[in-house]
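Some notes on the structure that comes next.
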Amino acid sequence: MDTLSSAHPQLPFKTIMRLAELIITTNPLIKSYLQKTYKYVFLDEFQNTTVIQYEFLRNCFFDSTSIITAVGDDKQRIMTWAGAKDTAFSDLKKDINSKEVPLFMNFRSAPRLVALQNYLVENLLKKTDIATASPKWNPEDGQCNIWIFDNPDVEKDYLLTSVKKWINEDNISPRDICILVKQQLNVYVGDLIDYFNSNGVKARDENEIQNFLSEGLILYFIDALYCTFDKRASIEHQSFFHFIQSLYAYESDNELISLEVRINDLKNEILETFRKQSISKNDINETIEKILNFAGSERIKSEYQKYDEPYFKYLITNFVDLFFSEYEITKNVIDSLNNILGKETIPVMTVHKSKGLEYNTVIFVGLEDNAFWSYQNQPDEDRCTFFVALSRAKNRVVFTFSKMRYDKFNRPRNQNIEKIKDILEGLNDSGLVAIEEKK
């Protein structure tokens, strides 16, 4: 999506980290204030900590009384290419004499998927940290399949039929079905997304829009519009109300009552605009400006200090463009917002983008040598990538293999599964995976 291309950074992240470290190491007063401010330090996804991040952490907190908790899973270290530190956990234990607390319960996945993960942990990843399934499941719950196809046309047709069945007969929300690829999303599933959308199942590439929709400013716009056009949107109204309340530190009853009155006035102004027979892009832009002015640009920038003027304008412009493009199609504000958020839409993304997410059903497209082209050079990381894909699923995971695929130049290429045959053998030898050829 061209409108969501990010602004060019002025400094690389590594440089920013080193400059922050320089400030800490050369100014004892700032370091002292930092340590006094944060009694507790929580480090999530610690297995992907880089050398620079670890050194920054050391300089900030290792000589303090702050309580440090690091959470992570070595089996999901998929950022080695970006400098993830292989010895992050062992170094932390040594440097601060920390205590290791293993977490054995897998609350996400069904028992058969947990059993499969355990088998692969032992036999593919060569590790010993075995998990236990949550008792909320029945013992036989969980399903893993490998589906083999002659070509992508057969693959996308069978996947469409399967997904429609899961949605219509099994009552699984489209948002609880995810399609994953290792890389080159357009090559592996670009046509699949188009095919789904042309045949009654919404699907979209989440990679570009995921970060955009996590921005506080964008969520503020979305909440304001939702609660204006849907009187039942109490959660969005509450979120919108608290956003303003927090910006201005309103506490007294009079301030809160006055805020509620002014919010209702804003809603009425917006509704009046949308009573027009035809809504132009300028109308959309003026509506967003009203919502923005209600909070105050400078107040928002002071709350979100990353919002310098270029980035602030970038977010506003892109939201107006995105909202208007959806409104031109739907002619309905709520439907437009639902489309922006991807409601009733199957998310499609790379494994790296899926980190930390979970879905009832995961379809991994392309369990093939070409998808894992770097496997011989970095087998450990690619096995972890595969494990991340597998462990996103709560109830069902499907891996697909196509005997032929088109490359990025649309040339047909035969596919193999020789370089990654240890993954296939691990799945087959587990006795928990159904391998089926589909026609």
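What you see is a predicted model; the values in this text were computed from it and never measured.
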In terms of side-chain heavy atoms, does [X] have a donor or acceptor partner in [Y] at a distance below 3.5 Å?
| X | Y | answer |
| --- | --- | --- |
| Asn338 | Glu344 | no |
| Glu286 | Asn282 | yes |
| Tyr195 | Asp157 | yes |
| Asn339 | Lys202 | yes |

[X] vs [Y] side-chain heavy atoms within contact, under 4.5 Å:
| X | Y | value |
| --- | --- | --- |
| Met17 | Thr50 | no |
| Met105 | Pro135 | yes |
| Ile209 | Leu322 | yes |
| Asp223 | Phe241 | no |
| Val51 | Tyr54 | no |
| Glu272 | Asn268 | no |
| Phe294 | Glu269 | no |
| Leu427 | Leu367 | yes |

What heavy-atom pair brings [X] and [Y] nearest, and what distance separates the two atoms?
| X | Y | value |
| --- | --- | --- |
| Cys144 | Leu116 | SG-CD2, 3.6 Å |
| Ile334 | Phe229 | CD1-CB, 3.9 Å |
| Ser109 | Gln117 | OG-NE2, 3.2 Å |
| Asn360 | Asp176 | N-OD1, 2.9 Å |
| Met349 | Leu185 | CA-CD1, 3.7 Å |

[X], [atom1] atom: more than 12 neighbouring heavy atoms under 6.0 Å:
| X | atom1 | value |
| --- | --- | --- |
| Lys136 | NZ | yes |
| Glu436 | CD | yes |
| Ile235 | CD1 | no |
| Lys408 | NZ | no |
| Tyr33 | OH | no |
| Leu19 | CG | yes |
| Lys164 | NZ | yes |
| Lys313 | NZ | no |

Between [X] and [Y], does at least one N-O distance fall below 4.0 Å, as a salt bridge requires?
| X | Y | value |
| --- | --- | --- |
| Glu45 | Lys355 | yes |
| Arg262 | Asp265 | no |
| Lys276 | Asp283 | yes |
| Glu328 | Lys281 | no |

*Could you check Glu155, Glu368, Glu437 and say which one makes a salt bridge (Lys or Arg N to Asp or Glu O under 4.0 Å) with Lys403?*
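Of the listed residues Glu155, Glu368, Glu437, the salt bridge (Lys or Arg N to Asp or Glu O under 4.0 Å) partner of Lys403 is Glu437.
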*Are the aromatic rings of Phe240 and Phe243 close, with centres under 6.0 Å apart?*
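No, ring centres 6.0 Å or more apart.
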*Determine, using ring centers only, whether Tyr327 and Phe274 are less than 6.0 Å apart.*
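They qualify: ring centres under 6.0 Å apart.
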*Relative to Phe372, does Lys182 satisfy both conditions: NZ or CZ under 6.0 angstrom from the six-membered ring centre, and within 45 degrees of the ring's axis?*
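Lys182 over Phe372 ring: yes.
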_Does Lys419 qualify as a cation-pi partner of Tyr375, given the criterion of NZ or CZ under 6.0 Å from the six-membered ring centre and within 45 degrees of its axis?_
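No.
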Quick check: does any side chain N or O of [X] sit under 3.5 Å from a backbone N or O of [Y], one acting as donor and the other as acceptor?
| X | Y | result |
| --- | --- | --- |
| Gln35 | Cys60 | yes |
| Glu236 | Cys227 | no |
| Tyr250 | Ser258 | no |

*Where do Tyr304 and Phe312 land on the ring pair (Phe, Tyr, Trp, His ring centres under 6.0 Å) test, with the steps shown first?*
CA-CA 10 Å; Tyr304 297 87; Phe312 195 66; 9.4 Å; no
_Tell me whether the rings of Phe149 and Trp147 are parallel (<30°), tilted (30 to 60°) or perpendicular (>60°)._
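Judged by the thresholds at 30° and 60°, the geometry between Phe149 and Trp147 is perpendicular.
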